[in-house]
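Below is one structure; the comments refer to it alone.
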Amino acid sequence: MKNPRARHNFVGRTCSITGVGSYVPEKILTNAELEKMVETSDEWITTRTGIKERRLAAANEFTSDLAAKAAARAMEMAGVTADQIDLIIIATLTPDMPFPSTACLVQRKLGAVRAAAFDIEAACSGFIYALEIGQQFILSRTCETVLVVGAEKLSSIVNWKDRNTCVLFGDGAGAAILQHRENSHGLLTAVMGADGNKADLLSMPGGGSACPATAESVANGMHYLRMDGKETFKNAVNAMVSAANEAMRRCEIDITQIKCVIPHQANQRIVDAVGDRLKATPEQLFINLHKYGNTSAASVAIALDEAVASGRLQRGDLILLVVFGAGLTWGAAVIEW
Ligand code: UT7
């Protein structure tokens, strides 16, 4: 196995994930409950997506609250206190508000007074983008401890009258602590990609400078998430497979050397198609979308935490994360656990 980072000038420096944690809100919304809200059925949702239920944040629970709770768990696992954190990066498309950043609000909630803080927006691919950004600060010795969180309150932008989208999404957060560790490889490589020509496939048109909030924009549903499901599906499978293959190529490994493949948890059929094309076995694939639906930037972060908690990963095992989302954006990362 090759560490592609070795060719860079980061002598003796690696980036390990020393702690992971996740948090999902208590409230569960089942398919049976959705049947009472829109014209849908448990049978349709299960066969088309694999989702059985999703979590919904309370009215007074925001993305920063979910993020702070997931972060606290990752910090506990890493043995890190708030004052040790140098940088907080939050990946989200549902920030508490346009500004200040959710990362600053999380900094306040954690009491991480020394930390710099910013958000990144790469939709469902955000956690891999954030990991890769965070790792650069560790490798360059700019930071010793970086907190990376994928967190979403998607229920705040879902149109609960649109059956095409409301059955798919949920709320939650997943976090990781990044640090240098002697004799450890950590994050071996991260592939990131984007195609802005397909930005319209999945978007929320309102609320930005192109379409500020007005009574008319709200009445026209501009502040809800919109998706062309079929086209998004096709693009997702192709982009995830090629990103995963590129990540493995860079590390000079093949799928048989990966202990656990953690794909973006949007749809069981996407996971199956990606798994088939990568020739991953069902035992290699980690799936929790039946419990949470699509939690966007939080998706692989929550799944990574649950995979670790399940005891299936030993230190030294290789993990393949692979993501896809609005933008379009995509990514894949190989992690030596
Ligand atoms: O996180 C970013 C990545 N996101 C994704 O990758 C999501 C990608 N897309 C998908 O997962 C799938 O395309 C969906 C689950 C969104 C839809 O599945 P599909 O097999 O592509 O279904 P479809 O859009 O072709 O819809 C089939 C039918 C339509 O009815 P007609 O036109 O055939 O009469 C829909 O109106 O199913 C209907 N339909 C529903 N029926 C019952 C759509 N949503 C529902 C629903 N319940 N909730």
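Order of appearance sets the numbers: ligands from 1, and atoms from 1 within every ligand.
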Backbone or side-chain N or O of Ser41 under 3.5 Å from ligand 1 N or O: no
Looking only at protein heavy atoms, which one is nearest to atom 47 (N) of ligand 1, and what is the separation? Thr40 OG1, 2.6 Å
Counting N and O atoms only, with roles assigned by atom type, does the side chain of Thr63 sit under 3.5 Å from a partner on the main chain of Thr94, one being a donor and the other an acceptor? yes
Under the 4.5 Å side-chain heavy-atom rule for ILVMFWY, direct or indirect, which residues accompany Tyr224? none
Do ligand 1 and Thr232 have nitrogen or oxygen atoms that lie under 3.5 Å from each other? no
Looking at Arg269, which atoms of ligand 1 are within less than 4.0 Å of one of its heavy atoms? 18 (O), 20 (O)
Specify side chain, backbone, both or neither for Asn294, according to which of its non-hydrogen atoms lie closer than 4.0 Å to ligand 1. side chain
Which residue and non-hydrogen atom of the protein lie closest to atom 22 (O) of ligand 1, and at what distance in Å? Arg48 NH1, 3.2 Å
Below 4.0 angstrom, counting only protein heavy atoms, does anything approach atom 40 (C) of ligand 1? yes
Are more than 12 heavy atoms from other residues, nucleotides or ligands located less than 6.0 Å from atom NZ of Lys198? no
Verify side chain to side chain donor-acceptor pair (under 3.5 Å) between Asn245 and Arg250, making sure each step is shown before the conclusion. CA-CA 9 Å; Asn245 281 328; Arg250 287 188 195 173; over 6 Å; no
Salt bridge check, Lys291 against Glu306: does any charged N sit closer than 4.0 Å to a carboxylate O? yes
Measuring from non-hydrogen atoms of Val167 to any atom of ligand 1, is the shortest distance under 4.0 Å? yes
For atom 23 (P) of ligand 1, what's the nearest protein heavy-atom neighbour? Residue, atom name and distance, please. Lys230 NZ, 3.8 Å
In ligand 1, the atoms that come under 4.0 Å of a heavy atom of Asn267 are 10 (C), 11 (O), 12 (C), 15 (C)
Using a strict cut-off of 4.0 Å, indicate which atoms of ligand 1 neighbour a heavy atom of Gly229. 8 (C), 9 (N), 13 (O)
OG1/Thr81 to CD1/Ile85 distance, rounded to the nearest 0.5 angstrom? 8.0 Å
My understanding is that we take every heavy atom of each candidate and find the minimum distance to atom 16 (C) of ligand 1. Doing that for Leu168, Asp162, Asp42, which one comes out nearest? Leu168
Do Glu76 and Arg73 pass the salt bridge (charged side-chain N to carboxylate O under 4.0 Å, His left out) test, and can you show the C-alpha distance, the side-chain angles, and the key distance before you say yes or no? CA-CA 5 Å; Glu76 192 185 338; Arg73 291 176 180 172; over 6 Å; no
Working to the nearest 0.5 Å, report the span between OG1 of Thr165 and CG of Asn294. 11.5 Å
For ligand 1, the portion of Trp44 having any non-hydrogen atom under 4.0 Å away: side chain
Name the orientation class of the two ring planes belonging to Phe324 and Trp330 (parallel below 30°, tilted from 30 to 60°, perpendicular beyond 60°). parallel
So that I can tick it off, tell me whether Lys52 and Asp42 are bridged by a salt bridge, with the cut-off set at under 4.0 angstrom between side-chain N and carboxylate O. yes
Under 4.0 Å between heavy atoms, the region of Ile270 that gets near ligand 1 turns out to be side chain
Per-atom filter on ligand 1: closer than 4.0 angstrom to a heavy atom of Thr49 are 15 (C)
For ligand 1, which atoms sit closer than 4.0 Å to a heavy atom of Cys124? 1 (O), 2 (C)
Between Lys69 and Glu61, does any side-chain N to carboxylate O distance fall below 4.0 Å? yes
Quiz question for you: does at least one protein heavy atom lie closer than 4.0 Å to atom 25 (O) of ligand 1? yes
When you check the side-chain N and O atoms of Asp272 and Gln268, is any donor under 3.5 Å from an acceptor? yes
Does the protein come close to atom 44 (N) of ligand 1 - that is, does one of its heavy atoms sit below 4.0 Å from that atom? yes
Please report which non-hydrogen protein atom sits nearest to atom 35 (C) of ligand 1, along with the residue it belongs to and the distance in Å to one decimal place. Arg163 NH2, 3.9 Å
Close-contact set for ligand 1 against Leu202 heavy atoms, below 4.0 Å: 2 (C)
Check the surroundings of atom CZ in Arg108: do more than 12 heavy atoms from other residues, nucleotides or ligands lie under 6.0 Å from it? no
For atom 18 (O) of ligand 1, is some protein heavy-atom partner under 4.0 Å away? yes
Does a sphere of radius 6.0 Å around CG in Asp200 hold more than 12 heavy atoms from other residues, nucleotides or ligands, not counting ones at 6.0 Å or beyond? no
Mark whether atom 33 (O) of ligand 1 lies under 4.0 angstrom from at least one protein heavy atom. no
Atom 11 (O) of ligand 1 protein-contacted (non-hydrogen atom, under 4.0 angstrom): yes
